[in-house]
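All values reported here derive from a predicted model rather than from experimental measurement. Just so we're on the same page: letters track the sequence lines, and every chain starts at 1.
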There are 2 protein chains.
Amino acid sequence: MDLLLFALDKNNDKPLYEQLYLNLKDAIIQKQIATGTKLPSKRQLAEFLNISQTTIELSYGQLLAEGYIISKPRIGYFVEEIDELPYIEKTISSPISIPSPVESFIFDFSPGKIDENGFPFKIWRKYAKDLLDESSKSLLQIGHRQGEQELRAQIARYLYESRRIHCNVEQIVIGSGTEHLLPMILRLFQDDSKLALENPGYSAIPRNDLQHRAIPISVDEDGLVVDELENSAADLVYITPSHQFPTGAVLSATRRTQLLKWAAQNPTRYIIEDDYDSEFRYIGKPIPALQGLDQNDKVIYMSTFTKSLMPSLRVAYFVLPLSLVPKYREIFNYYSATVPRFDQHILANFMKDGHFSKHLNRMRKLYRKKHDKLITVLSKNYPNIMVTGDVAGMHVLISVPSALPESELKARARQANINIYPLSKYVLAPIPYEHPTFLLGFGGIPLEKIEEAVHALMNSFTH
Amino acid sequence: MDLLLFALDKNNDKPLYEQLYLNLKDAIIQKQIATGTKLPSKRQLAEFLNISQTTIELSYGQLLAEGYIISKPRIGYFVEEIDELPYIEKTISSPISIPSPVESFIFDFSPGKIDENGFPFKIWRKYAKDLLDESSKSLLQIGHRQGEQELRAQIARYLYESRRIHCNVEQIVIGSGTEHLLPMILRLFQDDSKLALENPGYSAIPRNDLQHRAIPISVDEDGLVVDELENSAADLVYITPSHQFPTGAVLSATRRTQLLKWAAQNPTRYIIEDDYDSEFRYIGKPIPALQGLDQNDKVIYMSTFTKSLMPSLRVAYFVLPLSLVPKYREIFNYYSATVPRFDQHILANFMKDGHFSKHLNRMRKLYRKKHDKLITVLSKNYPNIMVTGDVAGMHVLISVPSALPESELKARARQANINIYPLSKYVLAPIPYEHPTFLLGFGGIPLEKIEEAVHALMNSFTH
């Protein structure tokens, strides 16, 4: 072959052998050296480039390992065929880039943010390090379609201990977030069955898919108005009883009983209980999950690690009534659980060794402090602002007695680099509100910044 | 408070402080010590239990950290209210456990398995370790709904270099596997638009959802029969041109042009190109992706890291034509990417530093060896077996000239603890086959076992 001139630079950060290796690799990929070409011997190349044979050996070794060249004993090194595509000329139809809107705020009162400072990275990292190892190589393959048995066992234990939910691992299905799992649950039922949704309610149910099926049901200070549900044509109801999203109402004990009775009256009726925000409760006794109270196999329980651990892990799960397990298996026999197996095992080990409950206890104290601070600052300084939905969870509702409309208040807050979430965003059917109302999430705002954040927000309204 | 008797055991594996901590914690959770109770002072308890004050201090410190007790300076330690549920008696409606079928095989010819021995755990672990750190704590929060910018940038670069696909990061959407992404793509189109599917074809499209929309189109040795598509009412077509699943046919150049022309004829027509198995090609030159050939913004390209990295990571992606990006953003504005952010960044860094292409090159060589071995063993020893679909990918088709039906052959293989996959499993509409036909995946069978595995399989057919 013609010798190629490589610019090797002894003062470069990269060692010589790597520079040589990269140069040769590029030349092979770009077909500057043809397939089948015999490379110069190590000695020849060392002399030509005036570098040591060891360097050449390292470079050739790397190319061999990666399959760019092959070695024929006693003959030499030859360039292998590389499966790279020939270059194809293409007229790009449109060079338009569509940048996605990126916004950053000084204070983001998002109800979906958690406190970043409480996460036990050291412990989590240890579990990750232990698992990402040859000894776990079987975890590279596809796992159980309902999620790893080990994680489901830990979830079952946790649900029993914290929520008195009785279930076995076969009832649990793990998936990437509530938005992902809800459509799966809905597929267990008839396409034309009507689904009752809280109004206002969680907006992550794909509205488009549901427009012909959804029946909005009112929410008051005791949660979902079950009387309304009883008078509807719905067979299914999706409900957030622990901390209704977004109003923060807690479903009263009377309503719970009433709801379970409603479900028991007809074999086609089921309750989808999203136990959202149940981990963090600040006032009064925890209220048991509907699933734990139910005697008729009528509740599909769902929850997530979004608030209790981190939103970005995307781990949620549901617990099927035993009666629905066979149907689930039939429909989803083609399915693979969406959460990476290594993450599932890291989480399972983290839970097994008690770190999850420790973490929850620590975070509970922290969020309680943030919650109390937020309420105190508001009530002391802004007595006109009405606060509701504050018994649990990571956000409260504030209703602002202002002559300005909600949209104008939100725009003013944004002007001051503050993000707030209007209640109207979560409304399925019109609801008359006396005053503009917003969700104030406190999870993502550091405890020591809460006072400043509240004042900044209130100032923005009047400027 | 009444002093509780704790059985502390100096010979126990657990240190004394931990035993004491656990005992106290349980007592607090089980309300044996009431909320607000003042704990004995460290000195008192040390004397009573006859252990050192340091031990008590460690236990109390742990309880403090986890929020079970609070410390009031100069007064003492008090039990905090714990948000645990009161126990609720429940008659379990049914104690039936529904075990999921677990099967294990000596040889599993699954087309979905990869080689476990080639994964660079050490490198991957390093990236994981570096990322799982306080300095990345912002990654705990929810990320970009299309997936992390960093990973999309690496994918765009990889697609350009390996498949000559032109796209920018705004066109890329990352999600947990093809099964998860396909329904998202379908939501970009009218509910009643007809979708052409290859027959036989990939079975992970939820058939239930599609029964009124799907039009099966035949596949021959040149891939999808585009003539048939042209005569159908379909506006959308889902196609696996690089290595048709499951037949292994490669869409010919003529068909590619014909298909792109079909799409260009009508504004409502689009091609969903699943570039499945394109990484591994054994015979002939790589064929460019449809997306790279298309001049009319008509191709939605999709691919996955399932084969090229690992199935259990569940990372796949699609590339939208620029014209569909606004529609995608509108429909999925509520959406969060399902892949954990930390995993996305690990993968992005892995790709950025060149490890992905190195890994691919290594695996290409390995799979080529396995492929060649499989073909050689079959052709040398079993000349009656016809092998097709062997130019690329991680499985071939074998057609077995046997008087026995497919189901009986599969049952016999299973008897011998061998798993094979009948072609009929992937058929949407009846196809007349001369002989029973099976998919033989070789990814999960170690190179040195391939010969043994093939003989074992063939023996099982005649026993």
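No part of A/T306 comes within reach of chain B, as not one of its non-hydrogen atoms sits under 4.5 angstrom from that chain. Both the backbone and the side chain of A/F119 come within contact range of chain B, each with at least one heavy atom under 4.5 Å from a heavy atom of that chain. For B/V339, the part sitting under 4.5 Å from any heavy atom of chain A is the backbone (N, CA, C, O) and nothing else. Heavy atoms of A/S336 lying under 4.5 Å from chain B belong to its backbone as well as its side chain.
Here the NZ atom belonging to A/K137 is positioned 11.0 Å from the CD1 atom belonging to B/I114, to the nearest 0.5 angstrom. A/D343 contributes atom CG, which lies 12.5 Å from atom CZ of B/R314 (distance to the nearest 0.5 angstrom). Atom-to-atom distance recorded for B/F342:CZ and A/I346:CD1 is 10.5 Å, nearest 0.5 angstrom. With values rounded to the nearest 0.5 angstrom, A/K129 atom NZ is found 12.0 Å from B/L132 atom CG. Residue A/K113 holds its NZ atom at 11.0 Å from CG of B/L140, rounded to the nearest 0.5 Å.
Counting heavy atoms from C-beta outward, A/F121 and B/L131 have side chains that stay 4.5 Å or more apart.
A search for side-chain contact (heavy atoms from CB on, under 4.5 Å) contacts involving B/S278 returns B/R163, B/S242, B/D275, not counting sequence neighbours. For B/K126, the side-chain contact (heavy atoms from CB on, under 4.5 Å) test picks out B/D130, with sequence neighbours left out.
Of the listed residues A/G175, A/A128, A/P311, the one with more heavy-atom pairs under 4.5 angstrom with chain B than any other is A/P311. Listed options A/R341, A/H180, A/E134, A/R125 were ranked by heavy-atom pairs under 4.5 angstrom with chain B; first place goes to A/R125. Taking chain A as the reference chain and counting heavy-atom pairs below 4.5 Å, the highest number among B/D133, B/L313, B/I142 is found for B/D133. Ranked by non-hydrogen atom pairs under 4.5 Å with chain A, the options B/G177, B/G112, B/G143, B/S138 are led by B/S138.
A distance-only check finds a donor-acceptor pair linking the side chain of A/S312 to the backbone of B/L139 [under 3.5 Å].
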